[in-house]
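Below, chains carry the letters A, B, ... as their sequence lines are ordered, and counting in each starts from 1.
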2 protein chains.
Amino acid sequence: MRYFVAVAEELHFGRAAERLGMAQPPLSRAIKQLERRLGVVLFERDRRGVALTGAGEVLLYEGRAALDATAAAVRRTQRAGGVDAPRSRLVLAVKAAGSHELLQKLLDAYAAVPGAAEIEVLLCGFCDQEGLLRDGRADAALMHTPFNSLAGFDSEELTTEGQIAVLPARHPLAARASLTVAEVADVPGLPLARWPSYGVYPPGPGPEIRDQTQLAQLIALGRTLAVVPDSARAWLWAEHAAIPLIDAPQVVTHIAWPAHSRSLALAGLIRTATECIG
Amino acid sequence: MRYFVAVAEELHFGRAAERLGMAQPPLSRAIKQLERRLGVVLFERDRRGVALTGAGEVLLYEGRAALDATAAAVRRTQRAGGVDAPRSRLVLAVKAAGSHELLQKLLDAYAAVPGAAEIEVLLCGFCDQEGLLRDGRADAALMHTPFNSLAGFDSEELTTEGQIAVLPARHPLAARASLTVAEVADVPGLPLARWPSYGVYPPGPGPEIRDQTQLAQLIALGRTLAVVPDSARAWLWAEHAAIPLIDAPQVVTHIAWPAHSRSLALAGLIRTATECIG
DNA sequence: TCCGACGATACCCGCCGGGTATCACAGCCC
DNA sequence: GGGCTGTGATACCCGGCGGGTATCGTCGGA
């Protein structure tokens with residue numbers, strides 16, 4: 001199954017084999033055997049390249065979910081039964097650039113709960129909390145709609161905030177009291193920054209952003225402008241100007257967790273979050 | 001993994017091995033090897049019986065999810081790539097006793113959609129739609145809160161209805177214009193019927209119900225009474241009386257599907273459902 | 001005290017998943 | 001057009017792991 005996903009992603013047996021740390025012939029055979037077992041053709045091999053069939057597309061999607069689920073089972077079991085498990089531990093995934101106050105308030109409030117589990121905060125980049133939750137590296141996550149999708153998770157709403165445009169302080173538009181999405185989408189010489197949404201960068205002229213520091217620098221240099229949640233004001237520089245966007249979608253912060261999860265510790269964390277924030 | 005789940009369910013190596021169609025020693029060894037690989041103790045073996053550890057509990061839950069996910073991957077792939085797949089097929093799970101009108105309306109409306117997939121209706125017993133959806137035997141389901149849990153699925157609301165008490169027509173209470181939950185919960189000599197909720201029967205004096213026919217018979221015989229959604233009037237007998245329950249929770253019918261699912265055919269079905277019913 | 005039940009251990013075997021060497025074929029360049 | 005390159009498929013070999021049977025150790029109960 002891992003083999004199939006690797007080949008489907010690379011669309012190249014040799015590279016996939018290399019990525020898997022094995023030789024190409026066994027991989028070829030394994031895939032063929034998988035096709036035989038399922039009774040389904042997964043790849044169109046027409047010399048010079050490989051393509052997924054319809055069934056292959058389905059298996060790529062479902063197979064990833066299955067791999068995530070098994071990885072999650074392994075990780076959560078190990079966390080539950082490790083030698084270091086006199087008391088339970090929870091891993092909370094948050095966006096590194098997310099609101100610090102919110103997180104601090106949550107952690108403080110939860111620490112005061114009797115019998116609280118130990119919380120490990122897992123800071124991640126732009127939008128991978130969903131993957132962390134799905135494959136068991138995290139037990140809960142702070143997610144932000146509309147940037148994250150809550151599909152497949154249970155969640156509770158915590159806070160709502162507007163969005164601001166961040167642009168160089170010396171730019172003419174910095175003097176405005178407010179802006180619209182249409183206005184910032186089309187500023188001559190100042191393209192909108194792009195960051196990965198669900199794993200891929202949207203098309204556009206702006207620079208591709210990997211982290212918040214890089215974004216801050218690019219804005220200060222007058223190379224780009226960005227639309228970010230209101231709480232991002234916390235990390236702005238003197239060289240930045242923040243202008244409210246009157247028609248941008250509201251950003252809602254949720255706490256999300258895998259849809260089953262009957263863990264007592266997790267339930268306590270969620271209750272604390274909704275009570276102290278929501 | 002299948003092995004582990006079997007042992008965890010049986011709590012007995014011999015019976016688990018029998019259920020798996022294998023001998024006991026290899027099973028013992030496989031479990032021990034699993035424990036070694038995970039670095040976690042899953043069972044307390046204290047001669048005469050086996051018990052799950054905390055980590056074992058976690059793995060039982062997560063492992064079932066993982067097994068479901070892989071089964072789903074296999075089934076959906078086979079359905080997508082089978083020899084009989086010139087056009088796509090969707091499997092819709094509905095409770096056998098569910099509203100016929102609703103289903104008929106949905107199927108008729110969807111059949112009229114251009115490029116509609118073929119819909120296979122999977123009638124099931126009381127509450128197993130969730131399992132069918134999770135392990136890929138179904139692509140969508142009509143579910144009824146609060147009887148089904150929508151956790152882990154995407155869903156759209158379709159209809160809302162009240163509930164009625166069904167009791168023998170000759171019973172004194174049959175003359176009443178309405179009843180309350182408290183009243184029907186404690187009728188002397190007429191205990192409330194029980195059916196499986198999330199896989200187990202709730203405790204109580206009433207008979208355990210397996211299907212709608214059995215329930216109808218038991219009510220007609222004056223052995224039990226039941227609380228059911230309003231649409232169940234369709235299958236009542238002359239020997240039954242239906243009395244509105246003024247304070248019972250509303251029953252909401254949803255169409256639900258696995259949280260990802262980018263299938264075009266499924267999207268069409270959902271759109272049809274929300275447009276023609278909701 | 002002996003027997004029965006149950007899980008663990010010992011040992012054997014066949015097969016499947018891994019490896020290397022090689023082939024078959026399509027494009028490409030000279 | 002003839003090698004050359006790069007691709008996936010095939011042939012063949014080997015070791016280990018998953019399955020089996022036989023047996024043991026140990027506790028409960030008659």
Side-chain angles (χ1 to χ4, degrees), chain A residues 1-57 59-60 63-64 66-67 70-71 73-74 77-78 81, chain B residues 1-57 59-60 63-64 66-67 70-71 73-74 77-78 81:
Chain A
M1 178 55 78
R2 276 177 49 234
Y3 297 175
F4 167 77
V5 172
V7 176
E9 281 175 0
E10 299 280 350
L11 290 179
H12 188 294
F13 279 77
R15 278 197 301 274
E18 188 180 1
R19 211 178 84 183
L20 292 166
M22 65 188 294
Q24 170 260 321
L27 179 59
S28 255
R29 211 182 39 180
I31 297 294
K32 181 155 295 188
Q33 173 175 333
L34 179 64
E35 289 182 320
R36 206 155 26 87
R37 280 190 191 170
L38 296 180
V40 158
V41 180
L42 298 170
F43 293 105
E44 294 295 351
R45 291 98 149 158
D46 53 345
R47 306 228 155 269
R48 219 73 175 183
V50 177
L52 276 173
T53 64
E57 300 259 6
L59 186 60
L60 178 55
R64 275 185 184 141
L67 286 179
T70 56
V74 169
T77 304
Q78 287 176 333
Chain B
M1 179 54 80
R2 278 177 49 233
Y3 297 176
F4 167 77
V5 172
V7 176
E9 281 175 359
E10 299 281 349
L11 290 179
H12 188 292
F13 279 77
R15 277 196 301 275
E18 189 181 1
R19 211 178 83 183
L20 293 166
M22 65 189 293
Q24 170 260 320
L27 179 59
S28 254
R29 210 183 39 181
I31 296 294
K32 182 155 293 187
Q33 173 175 333
L34 179 64
E35 289 182 320
R36 204 156 23 89
R37 281 189 192 169
L38 297 179
V40 158
V41 180
L42 298 171
F43 293 106
E44 294 295 352
R45 291 96 150 160
D46 52 344
R47 308 232 154 264
R48 218 73 172 184
V50 176
L52 276 172
T53 64
E57 300 260 3
L59 187 59
L60 178 56
R64 275 185 183 140
L67 285 179
T70 57
V74 169
T77 304
Q78 287 176 333

Exercise. Please examine the side chains of B/Leu59 and B/Leu38, heavy atoms only from C-beta on, and report whether any two atoms are closer than 4.5 Å.
Key: yes
Quiz prompt | Separation of atom CZ in A/Arg15 from atom C1' in D/dG6, rounded to whole Å | solution = 11 Å
Quiz item: What nucleotide, of D/dT21, C/dG7, D/dA9, holds the atom closest to the side chain of B/Phe13?
Solution: C/dG7
Quiz prompt | Residues within residues 24-36 of chain B bordering DNA chain C, heavy-atom distance below 4.0 Å | solution = B/Gln24, B/Pro25, B/Ser28, B/Arg29, B/Lys32
Quiz item: Any side-chain heavy atom of A/Arg45 within less than 4.5 Å of one from A/Ile31?
Solution: yes
Quiz item: Which listed nucleotide (D/dG18, D/dA9, D/dG20) is nearest to the side chain of B/Arg37?
Solution: D/dG18
Exercise. May I ask you to test the B/Leu42-A/Thr77 pair for a side-chain heavy-atom distance under 4.5 Å?
Key: yes
Quiz item: Whole Å only: how far is the CE atom of A/Met1 from the P atom of C/dG17?
Solution: 14 Å
Quiz item: How about A/Met1 and A/Leu34: do any of their side-chain heavy atoms sit closer than 4.5 Å?
Solution: no
Quiz item: Between atom CD in B/Glu18 and atom C1' in C/dG7, what is the gap in whole Å?
Solution: 16 Å
Quiz item: Under 4.0 Å: is that the gap between some side-chain N or O of A/His12 and OP1 or OP2 of D/dG8?
Solution: yes
Exercise. Give one of base, sugar-phosphate or nothing for B/Tyr3, where a contact means two heavy atoms less than 4.0 Å apart.
Key: sugar-phosphate
Quiz item: Does a side-chain N or O from A/Arg45 land closer than 4.0 Å to OP1 or OP2 of D/dT7, or not?
Solution: no
Quiz item: Between atom CG in B/Leu11 and atom P in C/dC6, what is the gap in whole Å?
Solution: 13 Å
Quiz item: Does any non-hydrogen side-chain atom of A/Leu52 lie less than 4.5 Å from one of A/Phe43?
Solution: yes
Quiz item: Do other residues, nucleotides or ligands put more than 12 heavy atoms under 6.0 Å from the CD atom of B/Glu18?
Solution: no
